[in-house]
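Predicted, not measured: the structure shown is a model, and the values here were computed from it.
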Amino acid sequence: MTLDLFAQPAGKEIIAPGACLLRGLALARESAIWQALQSVIAQAPLRHMQTPGGLTMSVAMSNCGPLGWVSDRQGYRYQALDPLSQQPWPAMPAEFMALAQQAAILAGFADFTPDACLINQYAVGAKLSLHQDKDERDQSHPIVSVSLGLPATFQFGGLQRSDKLLRTELQHGDVVVWGGPSRLRYHGILPLKSGTFSYMGTYRYNLTFRRAS
DNA sequence: CAGTGGCC
DNA sequence: TCGC
């Protein structure tokens with residue numbers, strides 16, 4: 001037993017150097033975040049993107065902010081226009097920005113101003129295989145990941161795909177932040193389990209904030 | 001069944 | 001090759 005555990009603010013779990021889990025941080029802004037999310041996906045519908053290999057991702061995705069992450073047969077990239085509409089992605093809601101910046105500060109990353117928010121919708125069975133977030137120009141900025149709706153098992157590994165994985169259940173309102181020496185850690189989400197419900201419906205939503213450019 | 005390697 |  002160590003005193004370090006008690007040196008952290010309540011609800012903050014250090015999971016690796018530069019990485020932490022802020023349990024329930026989004027709950028205080030739940031209503032505003034949920035409303036803003038509905039508005040964004042009404043303007044830029046969730047869609048199943050293709051991988052460069054031509055397969056369809058099980059997670060439905062959209063974006064808000066100046067840049068959006070897209071995948072198709074040409075590869076992964078950030079772009080200013082929604083390929084479905086050829087219009088800019090919806091603006092980043094102020095409530096999204098405030099939550100992302102609060103989480104980054106609590107995690108020890110000052111001056112985080114995301115220019116991209118990837119929205120992932122997981123139905124039962126949807127998953128995201130182990131991967132690294134490495135499409136961003138400047139990897140000195142952290143990743144801020146907000147969980148809403150149904151719970152899911154998060155895998156958090158090392159800098160090599162074969163490294164041992166931490167597995168933890170992410171609940172509605174939890175926020176994970178990773179940056180610095182953990183910025184390129186592999187991570188993923190196991191297939192969403194059935195049998196659970198929330199007032200947000202039978203989905204898990206994930207908001208992933210990045211500084212892409 | 002979780003983890004690993006390899007796919008072209 | 002963020003899937004199988």
B/dG3 C1' sits how many Å from A/Gln160 CD, rounded?
-> 15 Å

To the nearest angstrom, how far is A/Gln50 atom CD from C/dC4 atom C1'?
-> 14 Å

Among residues 147-158 of chain A, which contact DNA chain C at a heavy-atom distance under 4.0 Å?
-> none

Please walk me through it: do A/Tyr78 and A/Asn63 pass side chain to side chain contact (heavy atoms under 4.5 Å, CB included)?
-> CA-CA 10 Å; A/Tyr78 284 94; A/Asn63 292 277; 5.7 Å; no

Indicate whether the side chain of A/Gln35 and that of A/Ser31 have a donor and an acceptor atom separated by less than 3.5 Å.
-> no

Does the pair A/Arg210/A/Glu136 count as a salt bridge with the N-to-O cut at 4.0 Å?
-> yes

So what does A/Ser71 hit on the nucleic acid, given a heavy-atom distance under 4.0 Å: a base, only sugar-phosphate, or nothing?
-> nothing

Just how far, in rounded Å, is P of B/dT4 from OH of A/Tyr186?
-> 12 Å

Does the side chain of A/Ser71 pick up a donor-acceptor pair with the side chain of A/Gln50 at under 3.5 Å?
-> no

Ionic contact status for A/Arg211 with A/Asp138, cut-off 4.0 Å | no

Residue pair A/Phe209, A/Ser145: steps toward the side chain to side chain contact (heavy atoms under 4.5 Å, CB included) verdict = CA-CA 6 Å; A/Phe209 297 91; A/Ser145 172; over 6 Å; no

Which dot-bracket string fits DNA chain B when only Watson-Crick or G-U wobble pairs with both atom distances under 3.5 Å count, crossing pairs get [ ], and | stands for a partner on a different strand?
-> .....||.

Is the phosphate of B/dA2, meaning OP1 or OP2, less than 4.0 Å from a side-chain N or O of A/Lys164?
-> no

Short N/O separations, protein against nucleotides 5-8 of chain B, under 3.5 angstrom:
unit_1	atom_1	unit_2	atom_2	d
B/dG5	N7	A/Arg161	NH1	3.1

Would you indicate what A/Asp135 reaches in the nucleic acid, counting non-hydrogen atoms under 4.0 angstrom: base, sugar-phosphate, or nothing?
-> base

note: A/Leu165, atom CG; B/dA2, atom P; distance rounded to Å ~ 11 Å

Looking only at heavy atoms, which two atoms of A/Leu128 and A/Tyr122 are closest? And how far apart?
-> CD2-OH, 3.6 Å

Grab the NE2-P distance between A/His48 and C/dG3 for me, whole Å please.
-> 13 Å

A/Leu190 atom CG is separated from B/dA2 atom P, nearest whole Å, by 7 Å

Describe, in one word, how the ring planes of A/Phe154 and A/His187 are oriented to each other, choosing from parallel (under 30°), tilted (30 to 60°) and perpendicular (over 60°).
-> tilted

Write down the atom of A/Asp174, the atom of A/Gly24, and the distance for their closest heavy-atom approach.
-> OD1-N, 2.9 Å

Whole Å only: how far is the CG atom of A/Asp163 from the C1' atom of B/dG3?
-> 12 Å

Shortest non-hydrogen contact from A/Lys127 toward A/Val59 | O-CG2, 3.2 Å

A/Gln160 atom CD, over 12 foreign heavy atoms within 6.0 Å | no

